Amino acid sequence: MEWNHLVQNEARLSQLDEHRRSGLVEAMGLERFEELAETPLTEFDEEDRQLVCQVLGQVFQNAVYRDLLLRVISEQWVEYLTKVEALRVSIGLEAYGQRDPLVQYKGRASEMFQNLLADIRMGVISRLFTYRPRRDAAVVVSGRESAETEKSPAPQQTNPEAKAEKGRKKRRRRR
């Protein structure tokens, strides 16, 4: 997918960002990289093409994993903090049951934290197996259509998670 993206944009290896270039230099050696740096990607032989695809694929895969992990952690963390806040508000009622509220709070918060870790693991695993990369709009658009999209308003989000977040009510922050 990354290879096709670069070929469509007529990019060269010298135009890649520093992280991708350093990965390619490490994989193929500095001399070979410098030879191919200004060569159009369509002129690469099969061996070089496979090597570049492998390195770019690893970089892309790491970026996807990082993004997925950060999303799941941030969503679960916000939910956890909301639950802890609700616990903090309601824990005073434990005194009516002749139980120490501090001990009850510590126990429940600890249990909630363990649940948070389990939920993060499950969220990452479930999203990892259901992840489907989308093509970037700039890759699919041809030269003629790109002028039309520049005039059009901001693109609509097609991500189902974004739609679900849009439908949720915002939670108030307690200060």
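This is a predicted model, so every value here is computed, not measured.
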So, taking the atom named [atom1] in [X] and the one named [atom2] in [Y], what distance separates them when rounded to the nearest 0.5 Å?
| X | Y | atom1 | atom2 | answer |
| --- | --- | --- | --- | --- |
| Q54 | Q61 | CD | CD | 11.0 Å |
| L70 | E75 | CG | CD | 11.0 Å |
| L51 | R32 | CG | CZ | 9.5 Å |
| L93 | Q104 | CG | CD | 12.0 Å |
| Q76 | N115 | CD | CG | 10.5 Å |
| S74 | R71 | OG | CZ | 8.5 Å |

Quiz prompt | Heavy atoms of other groups near E46 CD, more than 12 under 6.0 Å | solution =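 Counting neighbours around CD of E46, more than 12 heavy atoms of other residues, nucleotides or ligands fall under 6.0 Å, so yes.
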If I compare all heavy atoms of [X] with all of [Y], which pair ends up nearest, and what's the gap?
| X | Y | answer |
| --- | --- | --- |
| V78 | T82 | O-OG1, 2.9 Å |
| M112 | V84 | CE-N, 3.5 Å |
| G123 | S126 | O-OG, 3.2 Å |

Could you state whether [X] and [Y] fall into the same hydrophobic cluster, counting links through intermediate Ile, Leu, Val, Met, Phe, Trp or Tyr residues with side-chain heavy atoms under 4.5 angstrom apart?
| X | Y | result |
| --- | --- | --- |
| V59 | V25 | no |
| M122 | I73 | no |
| L16 | L30 | yes |
| F113 | V124 | yes |

Quiz item: Does the pair E18 and R21 meet the rule for a salt bridge (Lys or Arg N to Asp or Glu O under 4.0 Å), with working shown?
Solution: CA-CA 5 Å; E18 184 62 35; R21 276 193 310 232; 2.7 Å; yes
Practice problem: Test E79 against K83 for salt bridge (Lys or Arg N to Asp or Glu O under 4.0 Å), laying out the working first. | Solution: CA-CA 6 Å; E79 187 176 320; K83 288 178 182 178; 3.4 Å; yes
Could you check whether any side-chain heavy atom of [X] comes within less than 4.5 Å of a side-chain heavy atom of [Y], counting everything from C-beta outward?
| X | Y | result |
| --- | --- | --- |
| Y65 | L128 | yes |
| Q50 | E47 | no |
| V55 | E26 | no |

Quiz item: When you measure from the side chain of S110 to the backbone N and O of K106, does any donor-acceptor pair fall under 3.5 Å?
Solution: no
Quiz item: Should side-chain heavy atoms under 4.5 Å link Ile, Leu, Val, Met, Phe, Trp and Tyr, which residues sit in the same cluster as F129?
Solution: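 Hydrophobic cluster check, F129: joined to I125.
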